[in-house]
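The block underneath contains the structure these notes are about, expressed in structure tokens.
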Amino acid sequence: AGLTQLHGPAESRAPRSWLLTFTEGSDEVKEQCYLHGDGHTPPGWYDKVGRVIKLATPFRMPPHR
């Protein structure tokens, strides 16, 4: 995940975090955006930009060493 403040056009430059959810054995990643609010946008999950990303191969967690 990452936190950005000046991402996108000026009218939508609210501070936001991105959450990427990987599931063992799945070939999809769930991407979600959380707006932290800046006075003209309320804080919360912003579903309009969330999506599912298709991977070339299923996700496998590397072995723990």
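If you're wondering where the values come from, they're calculated on a predicted model, not measured in any experiment.
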For this session: Please step through side chain to side chain contact (heavy atoms under 4.5 Å, CB included) for the pair Asp27 and Lys54, ending with a clear verdict.
Result: CA-CA 6 Å; Asp27 65 349; Lys54 193 78 160 170; 3.0 Å; yes

Point-to-point distance, once rounded to the nearest 0.5 Å, from [atom1] of [X] to [atom2] of [Y]:
X: Arg16; Y: His36; atom1: CZ; atom2: NE2; result: 9.5 Å
X: Phe22; Y: Ile53; atom1: CZ; atom2: CD1; result: 7.5 Å
X: Leu35; Y: Ser17; atom1: CG; atom2: OG; result: 9.5 Å
X: Met61; Y: Thr23; atom1: CE; atom2: OG1; result: 10.5 Å
X: Glu31; Y: Trp18; atom1: CD; atom2: CH2; result: 5.0 Å

Problem set entry | Student check: side-chain heavy atoms of Val49 and Cys33 closer than 4.5 Å | yes

Exercise. Is the closest side-chain heavy-atom distance between Val29 and Leu55 below 4.5 Å?
Worked result: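 Yes, at least one pair of side-chain atoms sits under 4.5 Å.
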
Problem set entry | Closest heavy-atom pair and its distance - Gly25, Pro58 |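 For Gly25 and Pro58, the tightest heavy-atom pair comes out as O-CB, 3.5 Å.
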
